[in-house]
Structure formats: structure tokens, C-alpha cells
Amino acid sequence: MSVIPVLRRLSSAIATRTMLLGVAVGFGGLCWLGRITAGQSHLTHFVRFTEWTSPETNYYPTVGEMMATVRARMQPGQILVIVGGNSILRGAGQPAGQVWTQRLQTELGVGYGVFNFAFDGSGITDGGAVVAEALRREYPRQVYIANAAPGQPPAPDGTGVYRFMFWEAYYKGLLIADPARAAAIEASNENLPVRNPPGEPSLQELRTREWLDQFCYFQDLWNRVTYKDLNLVWGFYMRDGLQFLRARKRYADPEPDSTTFPLDKRYNPSNLAIELANVRGCSQFAYMSFSAAGNPQMRKDASGRWPLYRPFWDQFVAGIRTAMPDELKPRTLVLLSRSSPYYIRRLSADERERDDLTYRHGVEVWKAEGYDAMDYGSDFNDDDYGDRTHLTRLGGAKLARQVADKVRAMAGALHYTRP
Amino acid sequence: MLASFSWFQNAGAWFEPATLAGFGTIFTTYWFVVFVVVVLPIFWLLRRPALRLPFLALACVAYHYHFAGPAGLLPIMGLGGFTYAVGLTRNRIACAAGITLSVVALCFYKYTHFLTGELLYLLNPGWGAAAERSVGGWVPAAPPLAISFFAFEFIHYLADVRQGGQPIRNPLQFVLFSIFFPSLVAGPIKRYEQFLPSLAEGARAVGIDDVSAGLQRVAMGLLKKVVVADNLILAIDFYAPLPRFAALPLGGRWLIFTLIAVRILFDFSGYSDIAIGLARMLGVRLPENFNWPYAATDLQQFWQRWHISLSSWVRDYVYIPLGGNRHGVWRRAANGLMAFALIGLWHGPAWHFVLWGLYHGVGLAFCANYAACPGVGPPLARLLGRQPFACWLSTQLFAWFGWLIFFYPAADAWRMGAMLFNSGS
């Protein structure tokens, strides 16, 4: 038997085994890198998530990187303040450097560490809520702030595209095992189709991804690379040539200053009817009755009061009761965001009364379920809003002052600080 | 990346156009990753073919059930059971009935709405509406998973058995031929005479070399599909719609035009690479589907290199039975047109697919006959014979223009094509 074919076979066998070993070692190495990355803060100079660091441009912030950001910034002895909620609290319309949460930090002072983990379109149980819950033992002196519309029940495992954050934390064992919440999740998912609408992964697929990520940490590694080194996903926000390849850290916060917008851009007359319908919509289910013929009607009762529509509020109460574990409710501040006075003054006197009642009752309901809550906007003016709901930097400053007072009061009540 | 799911909507159009909400994305789902990570090691550890094949069949059923759902399993079970039973008889009439049933099932599930709502409506709107009302309600919203593939494979099987081929007697082998998971949703379209020996060999002696080669192929496929094609889809979907395309400078239009061609090749060949690589990791060698089609220097060559398993299937079971090139120039051209209209229609029930098929059919007929045209034919043939670059360029431009017809409504495709030679809009 010739030696050369034997050597050739041997060499081929070694090469094959080396390749497979390389794949295994490479994969294991990437998982290890991901795990290390998850513990490091790469969001340098973080103020808030922008369009470059949000799902709009295929960047899906992990709970791990948000936790690492908190750990990197928090000073010993500080009370942790995490802001969640939607674009209003993210500070849409407030330019970099004048975001309301920066003002809140100034108002609260060095005794507090404020982090803005709000996202456009996210709800009270999304990103910020998950991070706060995950850090509950490390930072037991914490306040979580988020906003909601009155009567809007939160989804127990998060909203739409942000749902992955809850499931990431869930599979990594960061959340409190809360049977009531688990039952609510199960009930809310019962009616979900196996396949969600086009463009959305099914819940099962999303959960499988997060289940895998607890071992592989691929999301943290991907975010680290795309933020600091090289972005590999094309996006229409970054469409000029190969610009999309630039690391995301190189993009500035693009948020405009909405105080510079002309009034007809902020309160577009052609949208007036739609916006007024939205404003009325906040309260129309809250105070509704039925005529003798069974038709819904917006009418005061015989005693001249707006009648609460019980089924609406009962459903809402059931939703907020299971949205968070009981132990986290007292440190949660729910902000009910009122609409701009530009629209409120265009309502009839009765509608204004009903709108006001809805917010006040909403606050009471949240409080009755163990949360803290406040509404804001009743003393704001047109210039404080960039549109119907979003605040300008001026409105943001007002909000920061009011929230700071509330947070200090909560800190006292929760025995974080001495009276 | 969550966003990837939306990119794949268009990619999915390749494989099951009427069900593009996800079937084209199967290999890039996390469920599939878990499935492969569980199934492959168990297959390797089992060692004995008597254990490996039943396990693989079970895995294929689980895969099909997961992605098709219980309702999606019924058609393939019914059609597969009938095909298997008919094949065993080796009776020519029974086999013909089985072939007819596969064709009818494919037409019913995939083309009913097209036939009633488009074709019949063209002839008589009243008839079309009436047919849509009476038949449309019976047709599921989405055709069963992979029906275009398994129907073609069943037709091939029965046609070959009818011609004297050996039927598959082992039901387990037939199940694996029908729903072998790597090739189920995106091919390559298998031939049972090649597949079964390869399956037996894989079950007997899948080796580390197979695993290694398969893994490399899968990696290459993922690179082509996820890194290149899926990124290109994002950019193309943004720029290619007409108003934006028209706003691009001439160079930008040519760039997008080129990227459309690159994307479809990388998308589909990447998917085929993954399928071929996964099968190889089970020791099974699937037929190749692509062989550098953009290096082809004539259209006939292009079709010998592009989606090879489909074009060879249509050649063997449509073009040659119709008479192929045996009955003169006109008959050959007509046969070619029919075969390519079918190739177009196979991609989806829409006119632009038919038009794309006919476009290639006309192109092939021209290529086969232009040299014989009196006057310009011989000198043109001599000229092109001396200019391989011109041959390549004309072939590729023809094929790439075809992608505009493939992806966009005919009027838009025509305008986009015209804009490549005109800086205006």
C-alpha cells in the first residue's frame, strides 16, 4: 500500500476534525464573549434610547445592557430612578441635552441616579419595568416611573415589539416568580394566533429566541458589535451609500427641538378632528351608559354626574392587578399624561369635565391597587406641548419638577430617606 | 433579529408565493435551530440504519406538523398515501390517475383563485365571479406547506414508475422521500432513484467528513442569505419602487438593477446551500440547484445552471413529453414556451410570473434559431462566436431584465428597464 494516499487521508481527517473543533471552539467562544459583554456597559454617555439604538433601526436593546448601564453609572448610596413608558417619557421633541429626565436628575440631585429606558410605543411593563425588577435586589431603594393613558390595561409580558425584553429577563431568571402574572400572561396569550401578522414573529418563536439567548447571549454580543464597531444591518435611516456600516455610537441623538416648530406644525389644523376624537376617546368608555334601547350614550345621570362604565374599569383593574408583582407596586409611579390644553379647551364643558374626571379616577384606581400615581398636564400651556401628547423641553422641565417632588415623597414614604 | 422576519416576506415569495408569510424563512427561525441541534446529534448517535430512518421520519413529521399545522398535514398525507399505493401497483392507468390527482391538487390549492379570479374573469367577468363564489370558499387561505415541491416529486415518481421504474416498497422510505425536512420547502426537487440510495448510505455510514462538508455548506448558505441577500432586500425594497427608482441617478438605477440580480441569486442559492448542507450532515447528497448561473454565456447555459432541479424536471416531464425539439422549429418553440410558462407559473399564481416564464421561453427560442435566420443570422452568430464577453453580457442583461418582470408588475418593470437607458424619469 502506498504511503501517499494514507498520508493524504490522514491529513484530510485531521483537517476535518480541526475544522469541526474550530467551529465548536468558535461558537463556544462567541457565547462566552456574549456573556462577558452582557455584564459590560457599552452605551457610553447614555441619556436615552434614540432611533439609532431602538428597534426602529433593528437595534434591540437587551435587559443585560441596560442593567450594565445602571451598574456603571450608579454611585454608592444613590436611589435608583428608572423611567419607562413611551415616547412621551423618552422625551420625543426634546433635543439632546434638554431631555426631561436630565432635568429630573438635576432636580433630584446626587442622591438619585436617573435612567431613561423609555421607548416609542412601549408600555408600563416594558424595558424599564423589566430592568427595575431585575435590579430589585441590587438596588432595593428604587423608584420606577412610567406613563399610561387612563384606563389602558398593560400587557403583563410587555407590548408588541418590546415583549422580547420581558422574555429575555424571564429566561435568565431575573424576574420574580409571580403566579398571578404568569396566569395573566397565559390568559392573554391564549387567543394569540400561532403566526402573528406578517412582520411580527410568533410568540413561540420569540420565546424560543430568548430561551436560546440564556445560553448563548448572542443578542448582547450583536448589540455590542453593532454599537461600538460595525453595523451590519441596512436601514433606511442610514441609507447613504455604505453609511449603514458605521458603528451606531457614531450617530448623534437626532431628536429635534419641538419648541422651534411653528404652531400649525405642532397643532396641525387638518388633524384637529382626529386629535379631538382621540382626546374624547380617552374618556368615552370610562363614563358611558346605555339608553333604554341598549345604545351606548355619553350622558350624565339624573343626579348630574357622569356614570362610571363599570365593565371598562373592572377590566382595567384586573389588568393592572396582575401587571406587576405586589412587592413592586408601591415603588412604581404611574404618570397619567393629559392632552395638550390646545385640544382640551376645544371640548365642550361637559366633555372637559368628563376628561378631567377620567384622569382623576384613573389615578385613584392605580393607587387603590397599590401603585403610586399622579396625572400631569392640567396646569400646562400650549407651549409645553409639541403636539397633542408629547412635551416640549419647556413642558419637560415642568414635568421634571412635579415628578421630582413626587419621587422625593415616595422615597420618604418607602423609607429610602429619612423624613 | 426581529426585523429579519419582515425582510423574509419577499424572500419567501420564492418558495411558496401564496404562503410567503414565513415558509421561506424556516431555516432562519429559532425553532428550526433548536430542531436541528436536537435532531442531528440523535441521528448520529443512533448508529444503526434500522433506528436512524424511523427517527428521521419522526423528526420530519414533527417538522412538517410544526410549520404546516394539522390542516397542512392532511393534503400531503392523502396525496402521499395515494401516490404510494398507486406506485406499488405499477399499473400505467393507475399511475396516470395518480399523476392527474397531484396536478389537480396543486392546481386546486395553489391556482384556484388565479384560474377563477384572473383567467376566467378575463374571458368573462360573470363566469369568473361566479366561479370564485362557488369554488373560492373551498380553497384554504394558504396552500399546504411545500405543495409545489411534493406535487412535482410525486409526479416524477409516478411517471418514472409508469415508465418501468421500481416503486418504493418501504413506506418509511416513501415518507422520507415525501417530507425529507432539508429539501421540503425550498427544494432542490429530488429524484427518488438518486435520493433513496443516498438516504440508505447516509443512514448506514454518515461520517465526520459529511458533517464537516455539510456544516461548511450551511455556513456558506447562511452567509449568502442572511448577511448578503437579506440586507439587500431591505435596500432594494426601499429604492426599487418606481417613484424612488426614478429619483435615482442613472448609476444608482444600474446599481439597484444589479443588486436585484445579486439578491435573488444569493437568496435562493443560499437557501439551497443550507438545504444541501443539512442533508449532507445526515449523509444524504441532494442534487445541486445552482452552478454559477451568472457566468453563463448563453441562455440555454443559464437554464442549465439556474434552479437546475426545476428546469431539469420541466425538461423531463413537460418539454420532452410534449415533443421537445423533435418536430421542427415552430413546434420546438411552442414546447419551449409552454415549458417556460409553467416554470413561471410554478413560482406563483400571478401574471408577471407567467410573463417572466414566457420571456425566457422567447429568449431561448431566439437563441436556438437566430443563427439560421437568413440575412443577419449567420454574421451575428459569427460575431458572437468571436466575442464571448458580448455573449456573456447579452445573456446576463437578458436574465437580469427578467428579474424586473419577476418581481414587479409588468408596466413597472418596463418603465424601470427603460429608465436604465434614460436619465429622466
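So that the names make sense, note that chain A is the first sequence line, chain B the second, and so on, each numbered from 1.
No more than 12 heavy atoms of other residues, nucleotides or ligands lie within 6.0 Å of CH2 in A:W32, so this atom counts as exposed by the packing criterion. Atom CZ of B:R285 has 12 or fewer heavy atoms from other residues, nucleotides or ligands within 6.0 Å. For A:Y170, the OH atom sits in a loose shell: 12 or fewer heavy atoms of surrounding residues, nucleotides or ligands are nearer than 6.0 Å. Atom CZ of A:F27 sits in a sparse spot, with 12 or fewer heavy atoms from other residues, nucleotides or ligands closer than 6.0 Å. For A:M19, the CE atom sits in a packed shell: over 12 heavy atoms of surrounding residues, nucleotides or ligands are nearer than 6.0 Å.
A:F218 and B:Y30 have parallel rings, their planes meeting at less than 30° on a 0 to 90° scale where 60° marks the start of perpendicular.
Residue A:T16 holds its OG1 atom at 4.0 Å from CG of B:D209, rounded to the nearest 0.5 Å. One distance of note links CG of A:L20 with CG of B:L215; it measures 6.5 Å at 0.5 Å rounding.
In this structure the side chain of A:W211 reaches within 4.5 angstrom of the side chain of B:V34, judged on heavy atoms.
Chosen from B:A213, B:G252, B:S212, B:A219, the residue pairing most often with chain A at heavy-atom distances under 4.5 Å is B:S212.
In this structure, the side chain of B:N231 engages the main chain of A:L232 through a donor-acceptor pair within 3.5 Å.
Neither the backbone nor the side chain of A:Y59 comes within contact range of chain B, judged by heavy atoms closer than 4.5 Å. For chain A, the nearby part of B:V33 is the side chain; its heavy atoms alone come within less than 4.5 Å.
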